[in-house]
Amino acid sequence: MALGLTPVEKINRARADMRLGVPVMLQGAGAQALVLAAEVVTPARLEGLRALGPGLVLALTRHRAETLKARAYDGDLARVIVPDDMGCDWLRALADPADDLRHPMKGPLMSMRDGQADLHRVALGLVKSAQLLPAVLVLPLADADAAGAFGLTALDAQHLSHELQRETVLSPVISARLPMAAAQAGRVHIFRPRDGGVEHYAIEIGQPDRTQPVLARLHSACFTGDVLGSLKCDCGPQLQAALAQMGQEGAGVLLYLNQEGRGIGLANKMRAYSLQDQGFDTVEANHRLGFEDDERDFRIGAGLLRTMGFGQVRLLTNNPRKVDMLNTHGLSVVERVALRVGETEENRAYLATKAAKSGHFL
Ligand SMILES: Nc1nc2c(ncn2[C@@H]2O[C@H](COP(=O)(O)OP(=O)(O)OP(=O)(O)O)[C@@H](O)[C@H]2O)c(=O)[nH]1
Ligand SMILES: [Zn+2]
């Protein structure tokens with residue numbers, strides 16, 4: 001028994017299954033279904049699903065459904081009926097907006113109206129958490145035998161839904177000294193979630209007094225900006241300016257949160273960039289992909305600061321949501337410190353969109 005998988009471990013295995021294109025069984029109240037991410041579906045797996053019975057649908061988020069002109073009868077999602085003669089190319093084209101402009105007509109698409117969408121909703125949550133496009137094939141099954149017969153991972157849908165919304169608990173792994181150009185007295189702390197998810201880092205500058213407000217920054221990973229010096233955003237200069245200010249003041253804490261692309265992952269962010277090359281802005285690109293404007297979970301940052309013993313912060317940000325989130329999750333933001341650096345010809349429109357659509361301070 002002790003060597004068996006816990007429900008949380010099974011969820012992590014299921015995430016890997018989804019990325020591999022292996023179906024996962026979801027068991028809800030009186031209903032079960034096999035679910036498979038549309039982005040990675042193969043002809044063999046599609047045939048295998050169809051052989052098990054009728055009723056195959058593609059679950060899409062409201063945003064993606066809107067672009068495709070599919071009716072979202074379930075509010076936040078649409079269940080598009082998959083016709084028997086449609087193959088992987090059609091499914092991928094519904095999932096991925098890359099060719100929307102070249103091949104706009106994929107329909108007419110018929111959406112399901114009756115029955116429960118609970119399993120579809122949680123399946124979308126699972127593929128999003130695997131950083132895949134939010135489009136998932138769902139095949140209802142009369143009984144749960146298929147999972148056992150094919151050795152597939154089976155998850156309790158209610159437990160999965162609960163886990164996907166739960167606050168991540170992070171434990172410290174190691175910390176070590178790191179002198180940096182911006183600050184000699186640096187220390188990097190690594191934190192690991194108990195559920196096998198991604199690690200996050202804290203860079204502590206000097207020895208901040210835990211009884212006083214600390215100069216703090218919640219930085220979201222941006223491979224293109226932080227590492228490559230992208231001119232499309234302001235992340236790299238913001239990272240360097242935050243560290244420099246902490247160095248000058250002699251104390252501070254910068255959280256480097258691995259929430260690339262506002263939580264959608266680098267592959268999806270590059271998909272968004274490709275759409276931006278077609279003329280869509282940041283927010284429109286996220287919506288066409290089926291994501292919300294911002295999929296980050298800022299509770300992680302709040303939890304990390306609390307774990308490190310901080311209670312009050314002077315927060316370096318232009319994002320009012322970060323201030324609100326910390327204030328409602330056990331921190332006290334005593335001051336917002338503006339961080340306006342790195343404006344370029346290339347990112348002017350991006351910064352304007354952040355101010356207009358995401359409410360960032362100018
Ligand atoms: N999805 C998506 N993510 C982007 C895009 N450009 C930058 N990002 C990501 O956005 C995150 C940075 O968020 P921003 O909205 O720039 O800034 P913020 O963290 O909300 O606010 P500040 O604290 O003021 O910097 C990083 O994870 C980037 O990878 C884009 O066009 N699309
Ligand atoms: Zn960036």
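Read the numbers this way: they start at 1 and go in the same order the structure lists the ligands and their atoms. Note that the numbering runs from 1 along the sequence shown for the chain.
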Residue pair T344, K232: steps toward the side-chain hydrogen bond (donor to acceptor under 3.5 Å, both in side chains) verdict: CA-CA 8 Å; T344 66; K232 268 177 77 76; over 6 Å; no
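- Between the choices R262, K354, Q238, the shortest heavy-atom distance to atom 10 (O) of ligand 1 belongs to R262.
- Judged by distance alone, the side chains of S220 and R296 do bring a donor and an acceptor atom under 3.5 Å apart.
- Residue R217 places a heavy atom less than 4.0 Å from ligand 1.
- Nearest to atom 28 (C) of ligand 1 by heavy atom, out of C222, P320, A338, is C222.
- Residue contact annotation: R296 has a non-hydrogen atom under 4.0 Å from ligand 1.
- Polar contact with ligand 1: absent for D294 (N/O pair, distance under 3.5 Å).
- In terms of N/O distances under 3.5 Å, ligand 1 is approached by G261.
- E292 and R262 are not joined by a salt bridge, as no carboxylate oxygen comes within less than 4.0 angstrom of a charged side-chain nitrogen.
- No side-chain donor from either of S171 and R192 sits under 3.5 Å from a side-chain acceptor of the other.
- Residue contacts with ligand 1 leave out F223, since none of its heavy atoms falls under 4.0 Å from the ligand.
- Using modelled atom types and a 3.5 Å distance limit, the side chains of T211 and D209 yield a donor-acceptor pair.
- Taking distance alone, with nitrogen or oxygen atoms compared against 3.5 Å, C233 stays at or beyond that limit from ligand 1.
- In terms of the side-chain contact (heavy atoms from CB on, under 4.5 Å) criterion, residue partners of H219 (sequence neighbours excluded) are, by chain and number, R217, D226, C235, L239, L254, Y256.
- Ligand 1 lies within reach of N286, whose nearest heavy atom is under 4.0 Å from it.
- The closest approach between a heavy atom of Y273 and any atom of ligand 1 is below 4.0 Å.
- Of all protein heavy atoms, the one closest to atom 26 (C) of ligand 1 is A221 O, 3.4 Å.
- Between the H162 side chain and the Q158 main chain, no donor and acceptor come within less than 3.5 Å of each other.
- Taking a 4.0 Å cut-off on heavy atoms, Q276 registers as neighbouring ligand 1.
- The nearest protein atom to atom 24 (O) of ligand 1, hydrogens excluded, is given as N318 N, 2.8 Å; this is a heavy-atom distance.
- When each atom of ligand 1 is checked for a heavy atom of E260 under 4.0 Å away, the hits are 27 (O), 29 (O).
- In this structure, atom 19 (O) of ligand 1 lies nearest to the protein heavy atom K322 NZ, 2.7 Å.
- Residues T67 and H287 are not in side-chain contact: their nearest non-hydrogen atoms beyond the backbone lie 4.5 Å or more apart.
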